[in-house]
Amino acid sequence: MYIIIALLIFAPISGEISMLKRTHTCGELNKSHKGKTVVLNGWVNKRRDHGGVIFIDLRDRYGITQVVFNPEINKFVYEQAKSLRSEFVIGVKGQVALRPEDAINPQMATGEIEIYVSELEIFNPAKTTPFEIEDNLEVNEELRLTYRYLDLRRPKLQNKLITRSKAYRIIRNHLSENDFVEIETPVLMKSTPEGARDFLVPSRNYPGRFYALPQSPQTYKQLLMVAGFDRYFQIVKCFRDEDLRKDRQPEFTQIDMEMSFVNEDDVIDTASQLTAKVFSEIMDINIPLPFPRMKYKDAYEQYGTDKPDLRFEMKITQLNSIFENTEFNVFKSVLEAQGNIAALVVPQGALLKRNRIDRLVERSKELGAKGLAYFKYQNKEFAAGIAKFISDEEKKQLTEQLALKEDDLILIVADTYQITFPVLGQLRLELAEELELIDREAYRFVWIVDFPLLEFSEEENRYVARHHPFTSPKPEQIDLLDSEPENVTARAYDLVLNGSEIAGGSIRIHNRELQKKLFKALKISDEEAESKFGFLMKALEYGAPPHGGIAFGLDRLLMILTGSESIRDVIAFPKTTSALSLMDNAPSEVSEEQLNELRIRVF
RNA sequence: GGUCCGGUAGUUCAAUUUGGUUAGAGCACCUGCCUGUCACGCAGGAAGUUGCGAGUUCGAGUCUCGUCCGGACCGCCA
């Protein structure tokens with residue numbers, strides 16, 4: 001009885017009864033469907049009105065099909081079609097027909113056929129859009145983000161999100177098949193002191209107290225190991241309230257994994273296999289395993305970074321020994337202060353304009369160096385820049401060690417260890433980009449291992465965890481934690497692809513005493529450790545298995561898989577570099593009532 | 001928090017080194033014509049608070065300052 005009434009009331013409103021429902025998509029019809037009567041639904045991509053005959057390219061996410069309105073087929077429908085404009089949403093019913101020989105469009109997947117329309121339903125008209133819905137459009141990103149739902153109609157962007165969806169599926173299948181259990185962890189959690197700035201969520205029940213959104217589910221996944229889940233994974237949103245970059249958003253997605261009874265090699269193998277699986281299924285590329293490994297120290301001294309781009313050479317060379325007897329005061333004083341002199345050889349760089357070289361000098365200052373020395377190697381001679389300060393013996397050794405070739409430009413930074421290598425590393429990247437030395441087809445993976453566990457923070461005047469405070473030191477170095485903490489190596493590893501860090505993880509501490517020792521090294525007091533991480537410390541006392549894990553930055557991985565310049569292109573609704581959502585205007589002010597309820601006063 | 005680049009019609013851009021008549025063009029849009037186009041074609045038309053606010057000047061799209069927005073970078077991002 002009620003059902004019948006409901007039908008009577010709602011049926012006309014929903015429009016279901018009269019709606020022309022599609023029998024096919026706009027991407028699937030071909031000459032094998034000849035003569036069939038079909039219904040298509042979609043958006044008007046393009047209208048070509050010839051007066052006598054109207055062609056409409058009908059688009060949905062599967063493709064484009066040309067539909068034809070001809071007064072000889074149906075005069076009424078033809079008249080109706082005159083009102084169609086771009087982005088109208090319509091349904092058409094008609095017969096699939098082979099196009100005349102000379103009207104076949106080989107560029108279209110459906111280019112051999114067209115639909116002779118006998119029935120047209122306009123589901124919804126559309127205002128003229130603020131930009132055209134087509135790939136390769138050059139339009140302000142501000143406008144694209146404001147009308148993100150229109151931007152997302154573009155096939156190029158749709159395909160990126162479809163690839164993203166495919167990646168989720170591959171990852172879930174692969175990990176599930178390998179006994180990983182997918183478990184959701186809380187989004188409202190306890191604020192943690194270490195690391196990035198937290199996003200806070202006020203608690204209504206407990207005025208003055210706050211939840212934090214997770215920077216990662218780190219502690220939860222360790223607790224799941226204590227619980228005995230043995231292999232856990234989650235595709236999960238993480239939140240960090242820090243400034244944005246083209247590859248950084250305040251909310252981003254990780255493939256989070258953790259395993260029990262494992263060492264570094266086990267996690268690295270598992271993560272490598274997952275990566276290879278994703279690449280073979282999405283890119284149809286077979287990535288040979290295992291990926292090479294590089295020690296952090298080597299990466300730092302040869303590439304000036306912990307995420308080296310191995311798609312091109314141009315390694316940094318340390319020159320301390322060559323200049324140990326130098327008369328050049330700049331170098332001499334750096335060496336006396338235990339600093340480092342290192343060089344980057346830019347092939348054909350001697351041909352760069354003076355003005356370009358000046359900008360390199362400026363750039364290195366911006367990056368923190370006191371200066372940038374350089375010379376050119378031309379006609380087997382050292383020329384320009386600091387050439388006149390280099391002795392013959394030094395020239396001989398430089399020529400050999402740097403394997404100098406005609407028209408090389410040699411860039412030298414002499415500064416502290418913390419400055420010299422990163423500055424050259426950054427110049428290396430920027431020059432490779434500019435001189436087009438990067439192999440765009442290549443996928444160069446490398447595991448970076450043997451990271452330092454701690455690094456000294458000038459700002460906080462204490463050691464801080466390089467990875468996070470739950471990372472295990474190498475067992476044989478535990479005693480060094482007291483005497484020389486900066487020399488302790490972590491059981492941590494990062495997966496780097498084409499100069500982008502796509503995953504990072506570590507073997508964790510599963511022993512309460514060691515965890516305590518580490519907090520001590522970090523100058524976290526017993527009381528603070530207890531109040532901030534007491535729950536984890538306690539858990540470690542109840543039979544915590546040895547465990548470790550890793551997390552992939554899914555967005556960055558997808559940037560590479562889809563060839564995107566910006567992380568915004570692989571996220572459906574991203575924020576701008578000032579963390580605004582232009583479409584819905586978040587963040588926004590809230591009512592006085594809401595604030596009162598939370599006992600929050602804004603000043 | 002800082003540095004740099006940008007903001008002109010719906011949109012992409014122009015507007016003459018050094019401020020000067022009515023701020024132009026392509027695409028899109030609107031109207032008319034056109035029966036085989038697929039970047040359709042032809043003819044015509046409409047369309048602007050030059051991001052916003054001050055200042056300098058006889059006069060500002062143009063110069064100065066502030067501010068907002070977008071982007072890239074530095075700091076930041078365990």
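Every chain is numbered from 1, with letters handed out A, B, ... down the list of sequences. For clarity, every value in this text was computed on a predicted model and none was experimentally measured.
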Can you see whether [X] engages [Y] through a side-chain donor-acceptor pair at a distance of less than 3.5 angstrom?
{"X": "A/Asp198", "Y": "A/Gln215", "value": "yes"}
{"X": "A/Gln95", "Y": "A/Ser118", "value": "no"}
{"X": "A/Glu87", "Y": "A/Thr129", "value": "no"}

task = Please determine if A/Asp57 and A/Arg48 form a salt bridge, counting it only when a charged side-chain N lies under 4.0 Å from a carboxylate O.
result = yes
ask   = Charged N to carboxylate O under 4.0 angstrom, A/Glu242 versus A/Arg197?
value = yes
task = Among the candidates B/G71, B/C77, B/C29, find the nucleotide nearest to the side-chain atoms of A/Glu242.
result =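 Among the listed nucleotides, the one closest to the side chain of A/Glu242 is B/C77.
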message = Starting the side chain at C-beta, find the nucleotide from B/A72, B/G10, B/C76 nearest to A/Thr577.
response = B/A72
message = Can you confirm whether or not the ring centre of A/Phe519 sits under 6.0 Å from the ring centre of A/Phe533?
response = yes
inquiry  = Measuring centre to centre across the rings, with the benzene-like ring taken for any Trp, is A/Tyr116 within less than 6.0 Å of A/Phe69?
reply    =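 Here the rings of A/Phe69 and A/Tyr116 have centres that are no less than 6.0 Å from each other.
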If you compare every side-chain N and O of [X] against the phosphate oxygens of [N] (OP1, OP2), does one of them come in below 4.0 Å?
{"X": "A/Arg363", "N": "B/C73", "result": "no"}
{"X": "A/Thr128", "N": "B/A28", "result": "no"}
{"X": "A/Ser578", "N": "B/G70", "result": "yes"}

remark   = Heavy-atom nearest nucleotide on RNA chain B taken for A/Ser566 and for A/Val464; more 5' hit belongs to A/Ser566
request  = Map A/Leu143 and A/Glu565 onto RNA chain B by nearest heavy atom, then report which one ends up closer to the 5' terminus.
outcome  =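 Here A/Leu143 is the residue nearer the 5' end.
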request  = For the pair A/His468 and A/Phe470, name the ring-plane relationship: parallel under 30°, tilted 30 to 60°, perpendicular over 60°.
outcome  =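 If you compare the ring of A/His468 with that of A/Phe470, the planes turn out tilted.
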key: Annotated protein contacts, base or backbone, on nucleotides 1-8 of chain B with a non-hydrogen cut-off under 4.0 Å, one of B, S, - each   = B-------
message = Return a single string for nucleotides 35-40 of chain B, one symbol per nucleotide in 5' to 3' order, where B is base contact, S is sugar-phosphate-only contact and - is none, cutoff 4.0 angstrom on heavy atoms.
response = BBBB-B
query = Is A/Arg568 touching bases, backbone alone, or none of the nucleic acid, heavy atoms closer than 4.0 Å?
reply =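 The residue A/Arg568 makes sugar-phosphate contact but no base contact.
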ask   = Just checking A/Leu582: base, sugar-phosphate only, or nothing, at a heavy-atom cut-off of under 4.0 Å?
value = sugar-phosphate
